[in-house]
Amino acid sequence: MTRPLRVSTTVDPDAEGKQFGIVNIPHSSDDSAWGAIRLPIVVIRNGSGPTLLFVGGNHGDEYEGPIALSKLARSLEPSAIQGRVILLPALNLPAVLAGVRLSPVDGLNMNRVFPGRFDGSVTEMIADWLLRAILPGCDAVVDLHAGGRTLMFVPFCGIHRLADEAQMARSKAAMLAFGAPISLVIDELDTEGMLDTAVENLGKPFIFTELGGAGMTSARTVGIAEAGVGNLLRHFGLVEGAPAPADTRLMHSPEADCFVIADDRGLFEILVDLGEAVTEGQAVAQVHDIEKPARPPALYRAERNGLVIGRRVPGPTKPGDCLLVLAEDLEA
Ligand code: ZN
């Protein structure tokens, strides 16, 4: 017996033309007994061809994706493409509306609940619907993230290191076509429950971005998102022409020591800035016990040579917080 979908949508994914619709997730709450949460969905189709899925708002405090995809939804006409584009500009809509990383409805991290549950909470139902109703029809998936309120990145487009070399090569080609300032092959700290892993397990190309952060956007980072999405439409053959040539620096974060993790509670002071090169043993951060000014701060050193591509944003810090992310150049 197949599990039923409790989530429904007003769009017909096979229809020609452009459809603005909703994804309806039942949600009975104190302020709406027979209520629902309605995610925006846009399907743009012209004839046969590949299907590209673009996701924004997987985390609610990362805004380049929702903004760039909303703009694309209005500007992209079916006649400009061959194939199908599916846009989910605010996958975790309650989190996007609240401007926070996790869903304020059930406290869950959208990018940690895959494969989801058809009989679960709102976030789990969205994941289950996406996995079963949408992903099977997609040829590639692009998930637009940024650092959120607690992290800031040098804008990059990334893929994960995969065991299947052919699949990784297709993902890598798409990453390079996106044309972000950095193209990063990453070994994630923890991949369980991610949309990334769900798509990769289906054997499909998956690329993601980290375009800035600190819970804000810049003209530059939104521009990178828009240009990258356009490049991918050309790369996958939905739009004619080649991706615009871009200077992208191919890098990787191959080991756990690329992540400088706090071991102390206190006030975080960064000693190197985003985009700076550091050498092994160099002091990169310290954490001050601000109530004990006589006590020297805890000093953190880089455990490898690398470029600082990510940093923590808030000052207050506790053990386990990611302070810095380093990357090194990767031979093409
Ligand atoms: Zn994110």
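Whatever order the structure lists them in is the order used to number ligands and atoms, beginning at 1. Computation of the quantities below employed the complete heavy-atom set of this structure, encompassing side-chain atoms and omitting hydrogens, waters and symmetry-equivalent molecules.
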query = Which protein N, O or S atoms does the Zn ion (ligand 1) have within a distance shorter than 2.8 Å?
reply = H59 ND1, E62 OE1, E62 OE2, H145 ND1
ask   = Can you name the residues that form a salt bridge (charged side-chain N to carboxylate O under 4.0 Å, His left out) with R249, not counting sequence neighbours?
value = D329
inquiry  = Would you say that I126 contacts L91 through its side chain, given a criterion of any heavy-atom pair below 4.5 Å between the two side chains?
reply    = yes
request  = Mind checking salt bridge (charged side-chain N to carboxylate O under 4.0 Å, His left out) for E280 and listing every partner two or more places apart, or none if nothing turns up?
outcome  = none
query = Who passes side-chain contact (heavy atoms from CB on, under 4.5 Å) against R220, sequence neighbours left out?
reply = P155, P181, S218, I224
request  = Could you go through the salt bridge (Lys or Arg N to Asp or Glu O under 4.0 Å) check for R304 and E255 one step at a time?
outcome  = CA-CA 10 Å; R304 62 186 304 132; E255 309 282 350; 5.4 Å; no
query = Ring centroid separation for H160 and F208, is it under 6.0 angstrom?
reply = yes
